[in-house]
**Q** 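Submitted below is the structure of interest, expressed as structure tokens.
Indexing begins at 1, ligand by ligand and atom by atom, following the structure's order. Along the sequence shown, the residues carry numbers beginning at 1. This is a predicted model, so every value here is computed, not measured.
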Amino acid sequence: QDLVVSFGEMLVDFVPTVAGVSLAEAPEFVMAPGGAPANVAIAVSRLGGRSAFVGKLGDDEFGRMLAGRLRENGVGDAGVVFERAARTALAFITLKADGDREFMFYRHPSADMLLAESELNLDLLRRAAIFHYGSISLISDPCRTAHLRAMEVAKEAGALLSYDANLRLPLWPSAEEAKSRIMSIWDQADIIKISGDELEFLTGSDKVETDVVMTLWHPQLKLLLVTLGSKGCKYYTKDFHGTVEAIKVHPVDTTGAGDAFVGGMLHRLARDQSALQDERRLREVVRFANVCGAITTTKKGAIPAMPNEAEALEFLENAERH
Ligand code: ATP
């Protein structure tokens, strides 16, 4: 039982060919599948793990293209449904000169937001060793209700719940609403991954220090991870905490690094959950996740840049030698 089921949005990203120009000045865009939960499912499968995606796509060319990408990458699609009354979501991205990204979403509403509880594949959810999700699917109904139900079904069947807050502020009615919704399911998760920016958003402090991070701890939590880009990742469990340095690379495009990181971590934990109680083994899991994140920054795009297991292991070996 090592199936990772990832729930949420899959959409088409339009990525400008040049950085440092405004959206309206971008001369061209490259089309790329996106959506963090779908990326995570693909990352797991690329590494040789078993994964499935649960979500709704538009019954349109974009939706069928995205479903094709899941299948080509070996991701189970038994939880994918199609919507006739709404289109597949689109996101136009601005690449800022400092490497940051801004998103402009077309979701009015989009198909992903219309996934209903009655459309959930309960058998698939019950087979999950790990059930992974973000917060975008919490923004509005019916998807929010479907999300909450899916979490409940997976948890009852014994899955670990994995949560990547993945804040996308422009999608929320207000920052307060984003924070309270993100926190509304906080204490159900077994594993939580946030970025340094999300830590600041949720705690109000820009200090990545243990007492700040620990304000986000909850009694049932098994692992809290704070990813810090080129500064690596901090991990916290009830018994130990520490930092695993990033691998030194020359980043070309950091899109998808966080998702590849989560994919690498969940792939390993799905096969060996006991690593959550053993610091040495947990550090190996985080190191492997860092490798997956680092590799993904060295090539353009998210999905095309994600490593397979042989690439990740070779990269890890080289990094250890230097
Ligand atoms: P995303 O940009 O995909 O939303 P994120 O903010 O969720 O990512 P990051 O902290 O940027 O997550 O990256 C996740 C992991 O990927 C990091 O912990 C690190 O291991 C690796 N990584 C990201 N950027 C770099 C980098 N510049 N150099 C080396 N490793 C990196």
**Q** Report the part of Leu228 in contact with ligand 1, treating N, CA, C, O as backbone and CB onward as side chain, heavy atoms under 4.0 Å; options are side chain, backbone, both, neither.
**A**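 Only the backbone of Leu228 comes within reach of ligand 1.
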**Q** Just verifying a value: how many Å separate Glu245 CD and Leu228 CG, rounded to the nearest 0.5 Å?
**A**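 Separation between the atoms: 10.0 Å.
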**Q** Asp77 versus Arg71: any side-chain heavy-atom pair under 4.5 Å?
**A**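 Asp77 reaches Arg71 side chain to side chain.
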**Q** Give the residue and atom name of whichever protein heavy atom lies nearest to atom 8 (O) of ligand 1, and the separation in Å to one decimal.
**A**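 Checking every protein heavy atom, the shortest distance to atom 8 (O) of ligand 1 gives Gly258 N, 3.3 Å.
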**Q** Tell me, please: is Lys193 in heavy-atom contact with ligand 1, that is, under 4.0 Å?
**A**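 Yes, Lys193 has a heavy atom closer than 4.0 Å to ligand 1.
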**Q** At a 4.0 Å threshold, what atoms of ligand 1 neighbour a non-hydrogen atom of Ile247?
**A**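 Answer for ligand 1: 28 (N), 29 (C), 30 (N).
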**Q** So, does Tyr163 use its side chain to make a donor-acceptor pair with the main chain of Ile182 at under 3.5 Å?
**A**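 Looks like yes, one N/O pair under 3.5 Å.
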**Q** Among Ser195, Gly229, Ala36, Ala257, which one puts a heavy atom closest to atom 10 (O) of ligand 1?
**A**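 Shortest heavy-atom distance from atom 10 (O) of ligand 1: Gly229.
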**Q** Answer yes or no: is there a donor N or O on one side and an acceptor on the other, between the side chain of Glu320 and the main chain of Glu317, under 3.5 Å?
**A**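 It does not hold such a pair.
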**Q** Test your reading of the model: is there a side-chain donor-acceptor pair from Asp164 to the backbone of Asn166, 3.5 Å cut-off?
**A**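 Here the side-chain-to-backbone pair exists.
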**Q** Determine whether a donor-acceptor pair (N or O, by modelled atom type, separation under 3.5 Å) exists between the side chain of Asp141 and the backbone of Thr145.
**A**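 Looks like yes, one N/O pair under 3.5 Å.
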**Q** Non-hydrogen atoms of Lys248 versus ligand 1: any pair closer than 4.0 Å?
**A**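 Checking ligand 1 against Lys248, which is what was asked, there is no heavy-atom contact under 4.0 Å.
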**Q** Quick test of your reading of the structure: of Val249, Val226, Asp164, whose heavy atom lies closest to atom 28 (N) of ligand 1?
**A**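 Nearest heavy atom to atom 28 (N) of ligand 1 lies in Val249.
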**Q** Do Cys233 and Phe261 make a side-chain contact, defined as non-hydrogen atoms from C-beta onward lying under 4.5 Å apart?
**A**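 Contact flag for Cys233/Phe261 side chains = yes.
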**Q** What is the nearest protein non-hydrogen atom to atom 12 (O) of ligand 1, stated with its residue, atom name and distance?
**A**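 Result for atom 12 (O) of ligand 1: Thr227 OG1, 3.3 Å.
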**Q** Can you report which non-hydrogen protein atom sits closest to atom 18 (O) of ligand 1, along with the distance?
**A**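 Protein heavy atom with the smallest distance to atom 18 (O) of ligand 1: Gly232 O, 3.2 Å.
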**Q** Distance under 4.0 Å to a non-hydrogen atom of Arg101: what atoms of ligand 1 satisfy this?
**A**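 Per the distance check, 1 (P), 2 (O), 3 (O), 4 (O).
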**Q** Numbering the atoms of ligand 1 from 1, which are under 4.0 Å from a heavy atom of Pro251?
**A**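 Going through ligand 1 atom by atom, the ones under 4.0 Å from Pro251 are 27 (N).
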**Q** Could you tell me whether the side chain of Arg283 and the main chain of Thr243 form a donor-acceptor pair under 3.5 Å?
**A**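 Looks like yes, one N/O pair under 3.5 Å.
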**Q** Please state which protein non-hydrogen atom is closest to atom 20 (O) of ligand 1 and give its distance, to 0.1 Å?
**A**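 Nearest neighbour among protein heavy atoms for atom 20 (O) of ligand 1, to 0.1 Å: Asn290 OD1, 2.7 Å.
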**Q** Flag Arg168 as yes when one of its N or O atoms lies below 3.5 Å from any N or O atom of ligand 1, and as no otherwise.
**A**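 In fact, backbone or side chain, Arg168 has no N or O that close.
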**Q** Could you tell me whether the side chain of Asn39 reaches within less than 4.5 Å of the side chain of Met306, counting heavy atoms only?
**A**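 The answer is yes; the side chains approach within 4.5 Å.
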**Q** Describe, in one word, how the ring planes of Phe29 and Phe92 are oriented to each other, choosing from parallel (under 30°), tilted (30 to 60°) and perpendicular (over 60°).
**A**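 Correct class here is perpendicular.
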**Q** What are the atoms of ligand 1, with element, lying closer than 4.0 Å to any heavy atom of Gly293?
**A**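 The list of qualifying atoms is 16 (O), 21 (C).
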**Q** Within a distance under 4.0 Å of any heavy atom of Ala294, pick out the atoms of ligand 1 and give their elements.
**A**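 Matching atoms, with element in brackets: 21 (C), 30 (N).
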**Q** Suppose I only count heavy atoms of Gly256 and a 4.0 Å limit; which atoms of ligand 1 are within that range?
**A**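 Near Gly256, the atoms of ligand 1 are 3 (O).
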**Q** On the six-membered ring of Phe103, is Arg168 placed so that its NZ or CZ lies under 6.0 angstrom from the centre and within 45° of the ring axis?
**A**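 The answer is yes, since Arg168 meets both limits relative to Phe103.
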**Q** With a cut-off of 4.0 Å, which atoms of ligand 1 are near a heavy atom of Thr297?
**A**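 In order of numbering, the contacting atoms are 23 (C), 24 (N), 25 (C).
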